[in-house]
Structure formats: C-alpha cells, structure tokens
Undergrad: 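Sharing a structure with you now.
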Amino acid sequence: MSDLHKPSDFNASLTTEAGDISSEEARQIASDFFGVSAVSVKRLISERDHNFHLRCAEGGYVLKIAHPAEDRLLSNFQAEALLHVEKRDPGIHVQRVVRALTGETELNLVFDGQSRTVRMVTYMEGTLLRYAPVTLNQQRNLGIELARLGVALKDFDHPAADHVLLWDIQNAEGLREMFDVFDPKRRSWMEEYLDTFVQEVKPLFSHMRKQVVHNDLNSDNALVQPNDPDQIAAILDFGDMVRTPLVNDVVVAAAYALGESDSLLDAPRAFLEGYQSVTPLTAEELDVFYDLLMVRMVLRLTLTEWRASRFPENREYILRNTQRSWMQFEQLRSMSRAEVEERLFGAVRPSGSTIEWRL
C-alpha cells in the first residue's frame with residue numbers, strides 16, 4: 001500500500017496549511033514555464049488549492065497550484081482524465097490541458113519550502129451556476145452533461161484512481177471520529193445514517209458499476225451560458241475525482257441540487273431525469289439512492305463543521321452553505337423514504353418552469 005492510499009493520509013489536505021501565493025508570482029510562473037503573457041491575473045476562490053485566472057490577448061487560462069499535501073500523482077490523474085475526456089467526447093464542455101514549454105502536463109515547483117504541483121488549463125467562459133436562475137430544463141441539461149462525462153470516463157484508468165478521499169461516499173465510515181463537533185441530538189442523527197450505510201449499503205457496492213467519476217458537481221463547479229442559463233457551458237474542477245460506484249457521482253450532484261421548502265426535490269428530480277436519459281440507474285442503484293443521499297448529507301455537514309473547528313480563521317468561508325444544508329437535511333429527515341423516492345423518480349414539471357430560488 002503506497003502513502004497515497006494510507007488511511008492516515010485521509011485528512012492531509014484537510015489539515016495542512018498552504019503558504020500564500022501572490023498574483024504576481026502566478027503571472028511570472030505562467031510566463032516562465034508556459035509562455036503565457038497575462039494582461040491581468042485574478043485569484044479564484046478555492047478551499048484547498050491556489051487557482052488564478054489569467055487573461056491574455058489570445059484568450060483565458062487557469063493556473064492551478066495544488067495544495068502541498070496533495071500527491072503529485074493526483075494532479076497527473078486530473079490532467080490525464082481531461083486528456084482522455086477530450087479524446088472520447090471532443091464536444092463535452094470541460095477545460096483543456098495546456099502543456100508547459102517542456103511539453104509536460106504538470107510541473108513540480110517549490111514555494112517557501114513547500115513542493116507543489118502546477119498545471120494550466122483553458123479558462124471556460126460563462127456564469128457560475130451559483131449566480132444563475134435555476135430552472136428545471138437547466139437541471140435536466142446538467143444531468144445529461146454529467147452522464148456524458150461519465151460515459152467518456154468509463155474506460156479511463158490511472159494509478160491514482162483508487163486514492164482514498166474522505167469526500168468519497170464509499171469512505172464515509174471514516175467520519176465517525178469527527179462526530180464530536182455535534183451536540184448529542186445531531187450526533188445521534190449522524191450515527192443513525194452512517195450505521196445504515198456501513199451495515200446495509202456499502203456491502204452492496206461490490207455488485208454495482210464502478211468507475212472514475214467527477215464526484216463534486218456543485219453550483220461552484222458548473223457554468224451556464226450568460227444569455228441562456230438553461231444551457232451548460234462547462235463542468236469544472238476535477239479535484240475530487242475518484243473511482244467509486246457510479247451511483248455516488250449522481251447522488252453527490254443530486255444532493256447539491258436540493259432546493260428549499262416545497263421545491264426541495266424539484267431540481268434533483270429534473271437532474272435525475274436528464275442523467276437517466278443517457279445512463280439509466282439500475283434497480284439496485286435506485287434501491288439505495290435514498291440511503292446514499294442521506295449519508296452524503298452527513299458527510300457534507302460533518303466535514304464542513306469539522307474543518308471550521310480546525311481552522312476558525314477560515315470559518316466563514318467553510319460554513320458559507322452549512323446553514324442551508326442543515327435545513328435541507330432536517331427537511332429530508334421529516335419525510336418518509338417512500339415520499340423522497342417518489343418525488344425524486346416521479347414525473348417532473350414542464351421543463352421550462354422556473355424555480356424561485358438559487359443554488
């Protein structure tokens with residue numbers, strides 16, 4: 001077992017602090033190593049990495065400087081996946097890899113004594129889904145796009161594909177040691193869904209489809225067309241990509257699509273309709289979808305609350321969506337399993353309908 005796969009490394013990128021990198025340093029790296037002359041450089045928000053948007057006369061690029069705790073093989077994993085997707089489905093909306101002047105897809109540079117992997121990809125124009133009006137047709141198209149990406153990645157393999165990631169649902173039992181961040185009531189909720197997952201659901205994974213998937217389709221990782229927000233402009237950020245049961249990728253996206261109140265399950269339902277028009281879920285995958293959705297909510301709430309307790313200086317950013325996640329989780333808890341499944345996999349409203357809330 002390599003260091004990449006050791007359980008003791010589960011939390012490395014969650015606990016190691018990265019030294020800061022300035023926009024001017026990013027500009028110099030782009031020029032020296034990629035031959036890109038940036039007219040302007042803007043720091044992009046990221047939880048772990050340092051990413052910069054470079055505007056150039058010939059177009060835009062993103063310079064990605066990985067977290068110092070990230071294994072270099074993982075950065076190569078992401079680069080090779082993008083190259084594979086481009087080959088399998090040239091029309092899919094993802095970034096393209098930009099090679100360094102040496103022809104390499106990633107470089108290893110040292111910043112203040114920390115060795116970090118540096119890559120460059122094309123910049124995708126569009127409006128971040130977080131800031132766009134949400135419609136059912138848009139969510140259906142997002143489901144179609146994720147399914148296409150899954151098809152393109154179906155035969156992709158890499159030495160880092162099976163790396164251990166706490167954000168991967170199949171490793172959710174690793175959360176238990178973090179439950180001390182909750183009060184007794186909430187901790188009992190977390191344990192309830194985690195116990196069901198470990199005892200009843202995870203043993204079924206050995207019989208399910210498994211492949212490399214995106215694993216993080218949220219409103220910060222998708223772009224829509226500014227003049228037509230129903231159309232998907234890009235799926236971004238392959239940083240949580242991993243080989244896991246295919247259904248987990250769908251569950252993650254559905255969990256992030258949750259709305260509020262009476263519209264809680266409208267967008268996930270439209271998303272699932274789009275996804276299944278390309279890649280239908282099997283009966284076994286549908287049977288465990290509710291359980292996986294609930295444990296994904298447990299995972300999301302636990303990791304954000306735990307990180308906020310470890311890094312209080314970044315608490316506001318880490319918990320920016322957590323209050324809403326708790327509301328969604330508690331609303332799901334108030335519904336029966338049968339009701340959730342019916343509302344997720346029943347007929348959707350007309351695809352032109354607009355939902356009066358934002359992701």
Undergrad: Would you please test K210 and F205 for side-chain contact (heavy atoms from CB on, under 4.5 Å) and show each step?
TA: CA-CA 8 Å; K210 194 172 186 179; F205 280 170; over 6 Å; no

Undergrad: Taking the basic N atoms (NZ, or NE/NH1/NH2) and the acidic carboxylate oxygens, is any pair closer than 4.0 Å for K202 and E173?
TA: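 Between E173 and K202 there is a salt bridge, with a charged N closer than 4.0 Å to a carboxylate O.
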
Undergrad: Let me see the working for I144 and Y275 under side-chain contact (heavy atoms from CB on, under 4.5 Å), right down to the final yes or no.
TA: CA-CA 5 Å; I144 291 172; Y275 188 94; over 6 Å; no

Undergrad: Is a donor from one side chain sitting under 3.5 angstrom from an acceptor on the other, for R43 and H50?
TA: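 Yes, side-chain donor-acceptor contact under 3.5 Å.
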
Undergrad: Between the side chains of T102 and E104, is a donor N or O closer than 3.5 angstrom to an acceptor N or O?
TA: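 Note: T102 and E104 side chains meet the donor-acceptor criterion.
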
Undergrad: Among all residues two or more places apart in sequence or in another chain, which pass the side-chain contact (heavy atoms from CB on, under 4.5 Å) test with T322?
TA: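 Residues passing side-chain contact (heavy atoms from CB on, under 4.5 Å) with T322: L301, T304, E305, L319, W326.
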
Undergrad: Are F289 and F345 near enough that their ring centres are under 6.0 Å apart?
TA: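 Centroid distance F289-F345: below 6.0 Å, so yes.
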
Undergrad: Would the distance check show the side chain of D71 and the main-chain N or O of L73 forming a donor-acceptor pair, the cut-off being under 3.5 Å?
TA: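 Checked: pair present.
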
Undergrad: Answer yes if the side chains of H93 and R148 hold a donor-acceptor pair under 3.5 Å, and no otherwise.
TA: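 Note: H93 and R148 side chains miss the donor-acceptor criterion.
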
Undergrad: Regarding E341 and R337, does a basic nitrogen lie under 4.0 Å from an acidic carboxylate oxygen?
TA: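 Judged by the 4.0 Å cut-off on N to carboxylate O distance, E341 and R337 do form a salt bridge.
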
Undergrad: Measuring from L153:CG to L246:CG, what's the distance to the nearest 0.5 Å?
TA: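 Output value for this atom pair is 10.0 Å.
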
Undergrad: Determine the minimum heavy-atom distance between V242 and A161, stating which atoms define it.
TA: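 Minimum heavy-atom contact is CG2-O, 3.5 Å.
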
Undergrad: What's the separation between atom CG in N141 and atom CG in L146, rounded to the nearest 0.5 Å?
TA: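 With rounding to 0.5 Å, CG (N141) is 13.0 Å from CG (L146).
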
Undergrad: Hey, can you tell me if F77 and H158 have their rings parallel, tilted or perpendicular (30° and 60° cut-offs)?
TA: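 Ring orientation of F77 relative to H158: tilted.
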
Undergrad: Please say whether more than 12 non-hydrogen atoms of neighbouring residues, nucleotides or ligands are located less than 6.0 Å from CD in E316.
TA: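 No, because the 6.0 Å sphere around CD of E316 holds 12 heavy atoms or fewer from other groups.
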
Undergrad: Please report the shortest heavy-atom distance between P133 and Q138, naming the atom on each side.
TA: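 Shortest heavy-atom separation between P133 and Q138 comes out as O-NE2, 3.1 Å.
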
Undergrad: Can you find a heavy atom in the side chain of Y290 that is under 4.5 Å from one in the side chain of L332?
TA: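 Contact flag for Y290/L332 side chains = no.
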
Undergrad: Quiz question: by atom type and distance under 3.5 Å, do the side chains of T135 and D230 form a donor-acceptor pair?
TA: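 Short answer, yes.
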
Undergrad: Decide, yes or no, whether a salt bridge links D195 with R176 under the criterion of side-chain N to carboxylate O below 4.0 Å.
TA: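 R176 and D195: salt-bridged.
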
Undergrad: Would you say the side-chain atoms of N248 and T244 include a donor-acceptor pair closer than 3.5 Å?
TA: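 Side-chain D/A pair, N248 to T244: present.
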
Undergrad: Quick check against the 3.5 Å criterion: does Q328 have a side-chain atom that pairs as donor or acceptor with the backbone of L258?
TA: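 Checked: pair present.
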
Undergrad: Any side-chain to backbone donor/acceptor pair from D249 onto N215? Under 3.5 Å, distance only.
TA: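 Yes, because the side chain of D249 sits within donor-acceptor range (under 3.5 Å) of the backbone of N215.
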
Undergrad: Do R296 and Y256 come close enough that some side-chain heavy atom pair is under 4.5 Å?
TA: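 Contact flag for R296/Y256 side chains = yes.
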
Undergrad: Taking atom CD as the centre, does E58 end up with more than 12 heavy-atom neighbours from other residues, nucleotides or ligands that are less than 6.0 angstrom away?
TA: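 Yes, because the 6.0 Å sphere around CD of E58 holds more than 12 heavy atoms from other groups.
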
Undergrad: So does D183 have more than 12 non-hydrogen atoms from other groups sitting under 6.0 Å from CG?
TA: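 Counting other residues, nucleotides and ligands, CG of D183 exceeds 12 neighbours.
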
Undergrad: Around atom CG of D262, are there more than 12 heavy atoms from other residues, nucleotides or ligands closer than 6.0 Å?
TA: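 Open.
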
Undergrad: With no hydrogens and no angle check, is any side-chain donor or acceptor of Q331 less than 3.5 Å from a backbone partner on S261?
TA: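 Yes, the answer is positive, given that a donor and an acceptor are paired below the 3.5 Å cut-off.
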
Undergrad: CE/M120 to CG/L63 distance, rounded to the nearest 0.5 angstrom?
TA: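 The distance works out to 5.0 Å.
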
Undergrad: Would R186 count as a cation-pi partner of F182, with NZ or CZ less than 6.0 Å from the six-membered ring centre and within 45° of the ring normal?
TA: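 Here R186 fails the 6.0 Å and 45° test against F182.
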
Undergrad: Where do V252 and L217 come nearest, in terms of heavy atoms and distance?
TA: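 Minimum heavy-atom contact is CG1-N, 4.2 Å.
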
Undergrad: How about T282 and R209: do any of their side-chain heavy atoms sit closer than 4.5 Å?
TA: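 T282 reaches R209 side chain to side chain.
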
Undergrad: Distance from R96 atom CZ to M124 atom CE, nearest 0.5 Å?
TA: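 Taking CZ in R96 and CE in M124, the distance rounds to 6.5 Å.
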
Undergrad: Should E273 and R269 count as an ion pair when the cut-off is N to O under 4.0 Å?
TA: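 Result for this pair is no, no salt bridge flagged.
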
Undergrad: Determine whether L223 and L129 satisfy the following criterion, side-chain contact (heavy atoms from CB on, under 4.5 Å), listing intermediate values before the conclusion.
TA: CA-CA 5 Å; L223 300 175; L129 182 57; over 6 Å; no

Undergrad: Between R72 and S115, is there a donor-acceptor pair closer than 3.5 Å when you use the side chain of the first and the backbone of the second?
TA: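 Looks like no, no N/O pair under 3.5 Å.
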
Undergrad: Ignoring hydrogens and angles, state whether a donor on the side chain of R243 or Q211 is under 3.5 Å from an acceptor on the partner side chain.
TA: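 The criterion, which ignores hydrogens and geometry beyond distance, is not satisfied for Q211 and R243.
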
Undergrad: Less than 4.0 angstrom from a charged side-chain N to a carboxylate O is my criterion; do D32 and R27 meet it?
TA: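 Looking at R27 together with D32, the answer is no, because their closest N to O distance does not fall below 4.0 Å.
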
Undergrad: So do the side chains of L292 and V201 get within less than 4.5 Å of each other, counting heavy atoms only?
TA: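 Yes; the side chains approach each other to less than 4.5 Å.
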
Undergrad: Find the distance between CG (D287) and CG (L204) and round it off to the nearest 0.5 Å.
TA: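 Going from CG on D287 over to CG on L204, the span is 9.0 Å.
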
Undergrad: Under the 3.5 angstrom rule, does the side chain of H214 hit a backbone N or O of L236 as a donor-acceptor pair?
TA: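 The answer is yes, because a donor-acceptor pair under 3.5 Å joins these two groups.
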
Undergrad: Using a distance-only test with no angle check, is there a side-chain donor-acceptor pair under 3.5 angstrom linking D168 and Q170?
TA: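 Yes, a side-chain donor-acceptor pair sits under 3.5 Å.
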
Undergrad: Between R116 and E70, does any side-chain N to carboxylate O distance fall below 4.0 Å?
TA: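 Result for this pair is no, no salt bridge flagged.
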
Undergrad: D216 and N221: side-chain donor and acceptor closer than 3.5 Å?
TA: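 Note: D216 and N221 side chains meet the donor-acceptor criterion.
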
Undergrad: Evaluate the side-chain contact (heavy atoms from CB on, under 4.5 Å) criterion for residues V295 and L299: first the C-alpha distance (whole Å), next the side-chain angles of each, then the deciding distance (0.1 Å), finally the verdict.
TA: CA-CA 6 Å; V295 83; L299 187 155; 5.9 Å; no

Undergrad: Using side-chain heavy atoms (C-beta onward) and a distance below 4.5 Å, is R333 in contact with M294?
TA: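 They are in side-chain contact.
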
Undergrad: Rounded to the nearest 0.5 Å, how far does CD1 of I169 lie from CZ of R300?
TA: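 Answer for the CZ-CD1 pair, R300 versus I169, is 12.0 Å.
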
Undergrad: Can you name the nearest heavy-atom pair linking S23 to V41, along with the distance?
TA: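 Heavy-atom minimum between the residues: O-CG1, 3.7 Å.
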
Undergrad: Answer whether the closest heavy-atom distance between the side chains of T117 and L107 falls below 4.5 Å.
TA: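 No, every pair of side-chain atoms sits at 4.5 Å or beyond.
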
Undergrad: So, R88 and D155, do they make that salt bridge, N to O below 4.0 Å?
TA: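 Yes, charged N to carboxylate O under 4.0 Å.
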
Undergrad: Do the non-hydrogen side-chain atoms of V62 and F52 ever get within less than 4.5 Å of each other?
TA: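 Side chain of V62 against side chain of F52, heavy atoms only: no contact under 4.5 Å found.
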
Undergrad: So do I29 and F111 actually touch side chain to side chain, heavy atoms under 4.5 Å?
TA: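 Yes, close enough: below the 4.5 Å cut-off.
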
